[in-house]
Amino acid sequence: MSALSFWSPLVLLFSFVLLSLVVLIFRNRGEKRYKKGTAQTKIFLAGEEEPDPEKLHVKAHNMYWGFFEALKHYYGPTMKAHTGIINDYLLWFVSLIALTALIVFISG
Amino acid sequence: MIESELLHIVIPILLVVCALLVLIVNDLIIATIALGALSLLLSLEFFILQAPDVAIAEAGIGAAITTAIFIIAIKATKRM
Amino acid sequence: MTESLFNIPFLAIAALIVISLYIIITQKNLIKLVMGIVILESAVNFFLVSLGYRSGGATPIYTNAPEKLMVLPVPQALTLTSIVIGVSVTALMLSMIILIYRHTGDIDAEKSRRLKG
Amino acid sequence: MQSLIIHSPILAIAIPLLAAFLTPLIGKFSSKARDIVVIVALAVTEFLVLILARDIYASGLHVYTLGALSPTLATPENFMIPVRIVLEVDAMSVFMGIISATVALAAAIYSISFMKRETGGTKFYTLLLLLTVGMIGLEFTGDLFNMFIFLEILSISGAALAGFRIRYADAIEGGFKYLVISAIGALVVLFAVGIFYGQYNLLNIAALAKVMQYTSLDQLALVLLIMAFGMKLASVPMHMWAPDTYSVAPAGTTPMIYVASQACLYALIRICFTLYGVTMNTSTIGWIIIVLGVLSMFIGVTVAVKQTDIKRLMAYHAISQSGYMLLGIGVGIAVLADPVALAAYGKTAISGGIFHIVNNALYKGLLFLTAEALFFSLGTRDLNKMGGMARNMKYTTIFFIIGALAISGIPPFNGFTSKLMIYESVYQFSPLLAVIAMLVSILTLASFTKAFQSAFTGPALPQYNNVKEVPKPMLIGMGILAVLIVFFSLFPNLVVNTIVNPATDSLINQAGYISSVMGGL
Amino acid sequence: MNIALYIFIGIGCLFNLIGVIGLHRFPDFYTRLHAATKCTTFGSIFLIIAVMIQSIAIWTTEGISSPESVLSIHSFIAMIALVLTNATGAHAIARAGHRSGVKPVRAVVDDIDGAKIND
Amino acid sequence: MAFLVTSITVYIFYLLMTTSSGNLLLWSKEELIIGGVLAIVVGALTKNILVKKDLRMLSPRRIFLFLIYLIFVWFPALAVANIDVAYRVITGKINPGIVKIQPKLPNDLSLMILANSITLTPGTLSVEVDEKTNALYVHWINVDKAALKKMPRDPKYVCGKFPEWARRIAG
Amino acid sequence: MMSKIVRTITNLFTPFIFMFGLYVIIHGHITPGGGFQGGAVFASGIALLIVAFNSKKVQKHLKEHHLSIIESSGALMFIGLAFAGLAFTFFFNILIGSPIFGQIPPEGSNPGFIWTAGVIPLMNIAVGLKVIAGLSAIVLVMALSSSNVRIEE
Amino acid sequence: MMWISVAIALVIFIIVALIRLIIGPTIPDRLVALDTINTIVIVIMIVLGAAFKEVLLIDVAIVYAVLSFITTLFIAKYIEKGNF
């Protein structure tokens, strides 16, 4: 397979194992005295009470807000085209058939 | 066989008329009646095209069962 | 064979297909949509049967068959299958429409829509 | 054993069909026996497809005639065209067959515990088996009309499965949309079949390919077929039914419906390569398919990033991944008439597209199953309401990570391999397309990061404290697919050389297909 | 024989014609039903009898086991089915029309109006 | 008994459908066998539908009367009816109305015969049936003033001698 | 429940419709028709009962699960007949020359001998069973569902 | 020849009845028109069976005679607001 001559996942797997070994070493050098479930592992927010986990979690619709804002002119019409009405789906189908048939007939 | 060809001209036109009726009416019962008539005429056309097998199937399915289930569905939903 | 494609029945088939597509695209009532599909199916069945027709041919059943030209049997078998499938599709669609009506109280494509975007 | 191999094409279709009608009878007595019958039938199907595949890779195309010892009809003498119903199985068909059978098996195992929550399990298994019949039949048939029949079987059972949970309003709506789309697509296919029959009095693919003229009626038929199958495989802009349907289908069947779409892609490929081949205007058709593919990739992924419903997000990704396949295959078609370019990069493009089908079926199936596992445990599909599930559902999280990395084309995984093949070859055809493909890959990763972050990481939400890991059969179903993904990732060369390259060769070699089908007559 | 055939066909066509003209001539749907049911049934009976006469004529010349017997007997069965279904169908349509609220036009007397009907 | 009657009736129907299939009179022996099997099946399925503990139509006298009625009473009335309707179609003279008649018929079969006869004969059309009293409401295209005198109208004006015949045949 | 006249004529007609449906099924190989058409005619008989009486009344005599068993057994019979030919190839007509439907019809035009065509009449019967059950179930279930319309949820 | 002429005449009658089906002010009117068309179509089938000299075609007419009745009854039951 010419396209894959230089590509072998086994090499990558080997490097992955190596990397995880390194990570493991770093992890084992960590502080041993910390115990789970005590105040030691609690999140420290400048002495404030820890907020509700519901609020702490980044919601899905908040993610990539800037991206959508920047591409507003693309997303507006695109999302508007997804009307969810079955007739529109079929209109796309029929008009695409007509367009393609025209192209194919012209090009021969 | 020229007369037989005449039938081939008339009945397809009637089919188109029935289909147009389905298109223009708003009352679903009238549309169902028109669909029944279309199915009936289609069955006749199959008969004339020497396909009695298909004609029986179209008569049994298109005219009886399909109309029946359309009517039942309209009864279960609403008419307009 | 190709020249027989330009007969009146074929024009009627084209008209039926156009009408049914128009119904399918413009009518928001779901039962009307199903009617459009039924008309489209009828048009395709009609097309298949007319392909097999030979002017002056006999019925393709060997019982008592006279010794003459016979209509092609294969398209008729195809049409039969297509009719069988058509009725099951229609019945399934209509029962789904009944369920849609029970859930949403409407059979309009726009008003009974829940999924979008 | 030899006779089993000879009969295996039809048995792979007939055994699920038999089981489909056996389950209602057995289900009356015991639901456990019914489950066993379903699993055994699908396992036998898988086994039959595998031994058939082994024989095909060794000895080439299989032709199986139904109802007679030879495919010719006796009555009109010297009537040497195949008028019987014929199954023609070549490397490409059996490749798709393996995918369908495997995913069906995994989905059935996954569904066992899921169906304990639902009523009407017997009907569910009947429909599942019928869907399998539809897929395998569509892939193995050698006859355009049977293609239509199996397409309809596939659509009807798929729609009934999608709308199976009739207590949800949106499930019914998704099933209805799928059914309408499929019915119209199938009628368009039937119309095209009628055009062929009217011109040539033939229905067999090989026999038609031999006499194909590419008249204007043939052009119309080609457009109708491409668009109908394109709609069934959800290529943009005819894709809008796909998120509606995939998002509401019950667990286990979403991958099945997705693989059914891939079976329609197979039909599209078969028509373009085998039925028309070089008689058509390859560059125009190739560019049409490329444009469909690029649109699918780009619009699919950009809309997916915005979704908050986890199954809709994955459905849009499914659309976008189909775009890769269409791109690879479109490039292959565009250079089909040019032997130099075909040898240089066309073959690689086709191989990449085909390899992507199997990879995609695996990881997309796995992702749909994990999404449905989340829905099973939490009762919601909304990403906004999820969070911190990695604590409670460890295995599901691992499976999700594997699937997400694979679909995003992160190097060790199989998604990267096929995408690399597509990038390389497409770059030689047109650099811009390759750049778009890479951009899409990045956006895929972005959207899966979003899904992973919202669903699995984050603080433990109090309302999901007593959520448990999903039952064992569901994990087994996911595990099968995950193990296959890892295997495909580690040994891509093996997979490409054993199953993908023979499929590509059999596709390109139109004359060989025709002669080996017609020569057996 | 031929003359009888022509007479039967003539009567059949004539009454069918009257039936469909009656569909347009009459003012309301009950009277239209009169025309449609009676005249088309009567005309159809005559046309079917004409077909039967022809086939029986062939049957008697060709011998008893001729397939033409099928034609006449099946036509006869179709005729019976036609008469019974038409009569009953007309009754069903009339009842349905009345219950859906269509009143007879120019009626001299309407006994149903106000009458209590046991269902 | 009901099963036997149903089976034999449908068997006769089957034999009518399959004439000229062989040499045993008009039938072949396979047709006779298969017809018998099918007749048993249909008889078992529908024995409660066709015959409801009511075997009076088996009497040859009633069947003979029915044939007499069909040929000599009903068919002339049908012909007269059609000429009458044809006359009204051409001239447009109508005088319609719905009248109630009380033919005093004992059972459903006779009512059915009467109603269908009424539907197909001079200027009348059965519209409604009273389920309890068996009263018929008839749409009459040309109402006779003489009939309007008393409230269940006299059947004599509306449908002549049909009620007597119906009672004689199926009563 | 339609009027008495319609019900009486329905009672009179139904056995004949059923018989005619079976006639069409059995004679599928020599006259127009076959399993599907005959089954449709038979199912129309049941539709006639439903329209003349009531779906509830029909349901008392004809349960849905009976229909589903009939449908499955019809399908199984069809596939079993197809499997029976597997010694040669799938769907092979093994019954030609055998005592059941096995006669070979004489050449030329003939009145149509029913005892011919091997496995095809049996397949017609299987298809007929399936179609009878399927179409009756469609009409019956839809009629039942329409008679008690209520908005759920 | 003669029978086909009769069939053509009957087809013309169908056209006349179809006009009533299209314009008919009320639904029962249309139903009457449909019933009329049914009857005429059955007769056409029988007449054409005689014209084509195909004895087997009459079966279609019998099927149709029975089944059109069911259609009529269904629509009639709907417009009289009965429960199925």
Closest approach of [X] and [Y], non-hydrogen atoms and distance?
X       : Y       : value
H:Thr72 : E:Gly89 : CG2-O, 4.5 Å
H:Pro28 : E:Gly97 : CG-CA, 3.8 Å
E:Ala36 : H:Thr36 : CB-OG1, 3.3 Å

Below 4.5 Å from any heavy atom of chain H, which atoms of [X] appear? Answer side chain, backbone, both or neither.
X       : result
E:Leu5  : side chain
E:Ala94 : neither
E:Ser44 : both
E:Tyr6  : side chain
E:Ile9  : side chain

To the nearest 0.5 angstrom, please state how far the [atom1] atom of [X] sits from the [atom2] atom of [Y].
X       : Y       : atom1 : atom2 : result
E:His74 : H:Ile62 : NE2   : CD1   : 5.5 Å
H:Ile58 : E:Ile77 : CD1   : CD1   : 11.0 Å
H:Ile12 : E:Asn16 : CD1   : CG    : 12.5 Å

Region of H:Ile79 in contact with chain E, defined by heavy-atom distances below 4.5 Å: both
If you tally heavy-atom pairs under 4.5 Å between each of E:Ala35, E:Ser75, E:Ala81 and chain H, the highest tally belongs to E:Ser75
Side-chain donor-acceptor pairs under 3.5 Å in residues 14-25 of chain H, sequence neighbours left out?
| unit_1 | atom_1 | unit_2 | atom_2 | d |
| --- | --- | --- | --- | --- |
| H:Arg20 | NE | E:Leu23 | O | 3.0 |
| H:Arg20 | NH2 | E:Leu23 | O | 3.1 |

Test item: [X] and [Y] side chains (from C-beta on) under 4.5 Å apart, heavy atoms:
X       : Y       : answer
H:Val66 : E:Thr85 : no
E:Val51 : H:Trp3  : yes
H:Lys81 : E:Arg99 : no

Side-chain atoms of residues 42-51 of chain H: list all donor-acceptor pairs with protein atoms under 3.5 Å, sequence neighbours left out, distances to 0.1 Å.
none

